[in-house]
Amino acid sequence: MRIIAVMAQTGISRSTDISANLARLRTRIATAAQAAGRDAAAITLIAVSKFHPAEQMLPALALGQLDFGENRVQEAQGKWPPLCAQWPDCRLHLIGPLQTNKVRQALALFDAIHTLDREKLARLLADEIQAAGKMPDLFIQINIGQEPQKAGLPPGDADAFIARCRGEFGLNIQGLMCIPPAGQDAAPHFARLAEIAARNGLAQLSMGMSDDFELAIRHGATHVRVGSALFGARG
Ligand SMILES: *Cc1c(COP(=O)(O)O)cnc(C)c1O
């Protein structure tokens with residue numbers, strides 16, 4: 001017991017845990033993909049690192065994990081620039097709400113934005129992308145369970161919004177993102193997101209978290225966003 005406590009203090013067991021968790025996650029993703037008759041290589045694991053300190057990224061980076069998700073621009077700015085300098089191939093995904101006053105900073109740091117959900121943001125993104133000369137991968141967030149407190153576009157507005165983003169704003173929309181309501185069967189929500197994407201010719205689906213990524217893969221997820229199953233509980 002005492003040895004374990006010392007290891008936990010020095011962070012040894014922690015990094016072993018993260019390496020083992022990552023190996024396990026990769027196996028689970030591969031198994032779920034195979035069961036769904038899909039190519040596991042078409043599924044990107046986004047390691048959701050919010051609230052976890054930079055040093056906990058090291059064991060994952062060492063194992064070739066290069067896609068990471070953060071919820072907040074400010075937290076990512078404090079954590080990622082030194083890591084990105086050391087691992088230039090790493091890719092950062094913004095998976096939390098984007099305020100219009102943070103768009104420029106977000107574009108400077110993130111390779112993908114999963115939370116485009118309103119016209120004002122689309123307009124501003126279009127302007128700032130042009131100024132920056134750098135196009136991130138863009139996902140439109142759909143409030144798939146139509147929850148009043150949750151971010152995202154109502155599903156019924158999706159088709160028109162996608163068309164405007166492409167036409168009027170010239171944005172290169174890659175796919176859709178959702179967070180199904182907690183405590184409900186996620187399957188019908190994943191299925192509905194996949195339907196909206198398919199009828200709009202969008203190939204990418206950002207859906208599935210620690211508790212339901214295998215189900216999401218069955219429904220066509222191309223990007224699963226996994227935090228606690230990799231890094232442990234957030235404090
Ligand atoms: C925190 C978060 C995740 C990861 O959640 P886990 O349950 O820890 O895997 C995924 N997506 C979004 C949008 C999040 O905010």
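Both counts, for ligands and for their atoms, begin at 1 and track the order of listing. Because only heavy atoms are used, hydrogens play no part in the values below, and waters and symmetry mates are left out as well, while side chains stay in.
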Does the side-chain hydrogen bond (donor to acceptor under 3.5 Å, both in side chains) test come out yes or no for Ser49 and Gln56, once each step is laid out? CA-CA 9 Å; Ser49 49; Gln56 286 185 19; over 6 Å; no

Side chain to side chain contact (heavy atoms under 4.5 Å, CB included) between Leu45 and Asp67, worked out: CA-CA 7 Å; Leu45 168 62; Asp67 288 85; over 6 Å; no

Check ligand 1 against [X] and write out every atom of the ligand that is under 4.0 Å from a heavy-atom position of the residue.
X	result
Ile179	13 (C)
Ser210	6 (P), 7 (O), 8 (O), 9 (O)
Asn71	14 (C), 15 (O)
Val226	9 (O)
Gly227	4 (C), 6 (P), 8 (O), 9 (O)

Taking the side chain as every heavy atom from C-beta outward, state whether Leu138 and Asn172 have any atom pair closer than 4.5 Å. no

Can you establish whether the number of heavy atoms outside Arg118 located under 6.0 Å from its atom CZ is more than 12?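 Atom CZ in Arg118 is packed in, count exceeds 12.
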
Taking [atom] as the reference point, the nearest protein heavy atom with its distance:
atom	answer
atom 14 (C) of ligand 1	Lys50 NZ, 3.0 Å
atom 11 (N) of ligand 1	Arg225 NE, 2.9 Å
atom 10 (C) of ligand 1	Met209 SD, 3.2 Å
atom 12 (C) of ligand 1	Ile95 CD1, 3.5 Å

Location of contacts on Arg234 toward ligand 1, heavy atoms closer than 4.0 Å: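 Answer for Arg234: side chain.
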
Between Asp211 and ligand 1, which part of the residue brings a heavy atom under 4.0 Å of the ligand: side chain, backbone, both or neither? neither

Salt bridge Glu75-Arg72, side-chain N to carboxylate O under 4.0 Å: no

Throw together a table of side-chain donor-acceptor distances under 3.5 angstrom for residues 209-223, partners on residues two or more places apart or in other chains.
from   : atom 1 : to     : atom 2 : distance (Å)
Ser210 : OG     : Ser228 : N      : 3.4
Ser210 : OG     : Ser228 : OG     : 3.3
Ser210 : OG     : Ala229 : N      : 3.0
Asp212 : OD1    : Met209 : N      : 2.7
Glu214 : OE1    : Arg28  : NH2    : 2.9
Glu214 : OE2    : Arg28  : NE     : 2.9
Thr222 : OG1    : Gln204 : OE1    : 3.2
Thr222 : OG1    : Leu205 : N      : 2.8
Thr222 : OG1    : Leu205 : O      : 3.3

I need the Leu58 CG to Trp87 CH2 distance, nearest 0.5 Å.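 Leu58 atom CG to Trp87 atom CH2 measures 5.0 Å (nearest 0.5 Å).
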
When you compare the side chains of His93 and Asp111, does any donor N or O come within less than 3.5 Å of an acceptor on the partner? no

